[in-house]
Structure formats: C-alpha cells, structure tokens
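Beneath this line is the structure, given in structure tokens, with notes to follow.
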Amino acid sequence: MVDRVDWHTYFMNIALQVSTRSTCPRKKVGAVIARDRTILSTGYNGSIRGLPHCDEVGCVIEDGHCVSTVHAEANAIIHAARNGVAIAGAELYTTASPCWPCFKLIANAGIARVYYGEFYRDEKSLAVAREAGIELVDLEKSPLRAGVT
C-alpha cells in the first residue's frame with residue numbers, strides 16, 4: 001500500500017502552493033475552500049484586480065500593516081462568488097489564521113470550519129468563532145494532520 005498524505009495535509013499543501021502567487025512581500029498567504037474533498041475556490045493576498053501590486057510599487061502601510069492587498073481568504077470567497085460557486089457549509093484551509101475582517105467574511109459566507117497553519121496576530125477571531133458556530137483548527141497543534149489515508 002502506498003502512503004498518501006491525509007486530506008488536511010493535502011489541502012494545506014495546496015494552500016501553501018497558492019500562497020506562492022502572493023504579490024505582497026511582507027506576508028504570503030494562500031487559502032483553499034473545499035467541500036466533500038473537492039476544491040471549490042482558492043485565493044492569495046494581492047492588490048485590487050487591475051491595480052499595481054506591492055511587489056511592483058511597494059506596500060502602503062497603515063498602523064504597521066499593508067493595506068494595498070486583499071487577503072487570501074477574502075479573495076477565495078470573492079472568486080467563488082464571481083464564478084457562482086456556493087461555499088456555504090464548506091471548509092477553508094489558510095496558511096495563516098484569519099484576521100478579524102476576514103473572519104467576518106468567512107462567517108457570513110457560511111463557511112463551517114477553518115483550518116490554519118500558523119497563528120496570525122488576531123485573537124478576536126479565535127474568541128468569537130465558537131459563538132459564531134465556526135470551528136477554528138490550528139493544524140500546527142492538531143493531531144488531525146498526523147495520519148496518512
């Protein structure tokens with residue numbers, strides 16, 4: 001029998017690959033939305049469609065953060081909407097935990113579960129997730145990613 005990575009590792013590996021398309025040199029993040037072991041949408045952090053990217057013209061920094069980019073999770077949700085793909089009840093895999101604005105988009109899009117690879121600065125999402133009925137899973141700390149299937 002050939003060893004295969006488990007589904008969580010598979011989707012997170014794809015999110016990591018998606019992050020290589022990021023155009024912000026400060027942080028590269030990738031996201032994958034999946035349901036029933038099928039990819040519905042992907043996204044990475046980059047500038048507004050049609051506008052120059054950070055790697056071309058530099059970052060616009062406010063309060064220590066680049067505000068030129070649309071975050072990976074938001075772009076994955078937007079791409080699904082642009083293509084008429086329903087994502088309610090889906091799972092989102094992201095290389096970094098969602099910031100508060102992205103978490104609100106995730107919640108209102110009906111995404112049921114978020115798996116993330118590293119914690120990224122925003123405790124508010126973690127605190128509100130349970131109340132919103134969204135499971136947030138830190139794959140770096142979770143035994144879910146240890147198996148092969």
Side-chain angles (χ1 to χ4, degrees), residues 1-61 64-123 125-126 129 134-149:
M1 181 175 184
V2 176
D3 286 342
R4 298 190 309 168
V5 297
D6 61 89
W7 286 103
H8 300 296
T9 301
Y10 172 75
F11 288 123
M12 188 56 75
N13 285 347
I14 293 170
L16 286 165
Q17 187 63 40
V18 170
S19 76
T20 66
R21 291 283 305 154
S22 172
T23 59
C24 185
R26 294 175 49 88
K27 182 122 181 108
K28 296 188 176 296
V29 180
V32 172
I33 299 174
R35 184 176 46 241
D36 299 327
R37 298 180 178 172
T38 300
I39 295 172
L40 304 175
S41 185
T42 65
Y44 54 87
N45 56 323
S47 291
I48 295 170
R49 184 181 298 270
L51 295 182
H53 294 279
C54 296
D55 59 2
E56 299 166 335
V57 296
C59 297
V60 175
I61 306 298
H65 304 287
C66 179
V67 295
S68 294
T69 61
V70 178
H71 288 188
E73 305 93 325
N75 268 327
I77 291 167
I78 292 163
H79 292 154
R82 282 179 58 100
N83 292 302
V85 177
I87 58 173
E91 298 177 329
L92 185 141
Y93 290 80
T94 180
T95 58
S97 61
C99 66
W100 179 240
C102 285
F103 179 80
K104 292 186 289 184
L105 294 174
I106 290 165
N108 280 2
I111 292 172
R113 190 171 295 110
V114 176
Y115 297 96
Y116 62 93
E118 72 171 277
F119 176 75
Y120 178 64
R121 77 175 161 91
D122 203 331
E123 297 278 344
S125 302
L126 301 177
I134 298 170
E135 185 179 357
L136 287 178
V137 180
D138 182 345
L139 284 180
E140 294 296 314
K141 296 179 181 176
S142 173
L144 291 174
R145 202 169 172 193
V148 290
T149 56

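What you see is a predicted model, and the numbers here were worked out from it, not measured in a lab. FYI, the numbering just counts along the sequence from 1.
- Distance check, rounded to the nearest 0.5 Å: OG1 of Thr94 to CG of Leu16 gives 9.5 Å.
- Panel note: side chain Asn45, backbone Val29; a donor-acceptor pair is recorded below 3.5 Å.
- With sequence neighbours left out, Arg35 forms a salt bridge (charged side-chain N to carboxylate O under 4.0 Å, His left out) with no residue at all.
- Qualifying salt bridge (charged side-chain N to carboxylate O under 4.0 Å, His left out) partners for Lys27, counting only residues two or more places apart in sequence or in other chains: Glu118.
- The main-chain N or O of Pro98 is found under 3.5 Å from a side-chain atom of Ser125 such that the two form a donor-acceptor pair.
- With Leu92 as the fixed residue, the side-chain contact (heavy atoms from CB on, under 4.5 Å) test singles out one of Leu40, Ile87, Val114: Val114.
- Pairs engaging residues 10-38 under the ring pair (Phe, Tyr, Trp, His ring centres under 6.0 Å) rule: Trp7-Tyr10, Trp7-Phe11, Phe11-Tyr93 [sequence neighbours left out].
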Side-chain donor-acceptor distances from residues 76-86 under 3.5 Å, at least two apart:
unit_1	atom_1	unit_2	atom_2	d
His79	ND1	Thr42	O	3.0
His79	ND1	Asn75	O	3.2
Asn83	ND2	His79	O	2.8

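- Partners of Ile48 under the side-chain contact (heavy atoms from CB on, under 4.5 Å) rule, at least two apart in sequence or in another chain, are Leu51, Val70.
- Interatomic distance, Tyr115 OH to Asp138 CG, rounded to the nearest 0.5 Å: 12.5 Å.
- Residue pairs meeting the salt bridge (Lys or Arg N to Asp or Glu O under 4.0 Å) criterion with at least one partner in residues 49-59, sequence neighbours excluded, do not occur; the list is empty.
- In this structure, the side-chain contact (heavy atoms from CB on, under 4.5 Å) partners of Arg26, at least two apart in sequence or on a different chain, are Cys24, Cys59, Ile61, Cys66.
- The list of salt bridge (Lys or Arg N to Asp or Glu O under 4.0 Å) pairs with a residue in residues 64-76, not counting sequence neighbours, is empty.
- Applying the salt bridge (Lys or Arg N to Asp or Glu O under 4.0 Å) test to residues at least two apart or on different chains, the pairs with a partner in residues 106-115 are Glu91-Arg113, Arg113-Glu135.
- Not a single side-chain hydrogen bond (donor to acceptor under 3.5 Å, both in side chains) links Ser97 to another residue, sequence neighbours left out.
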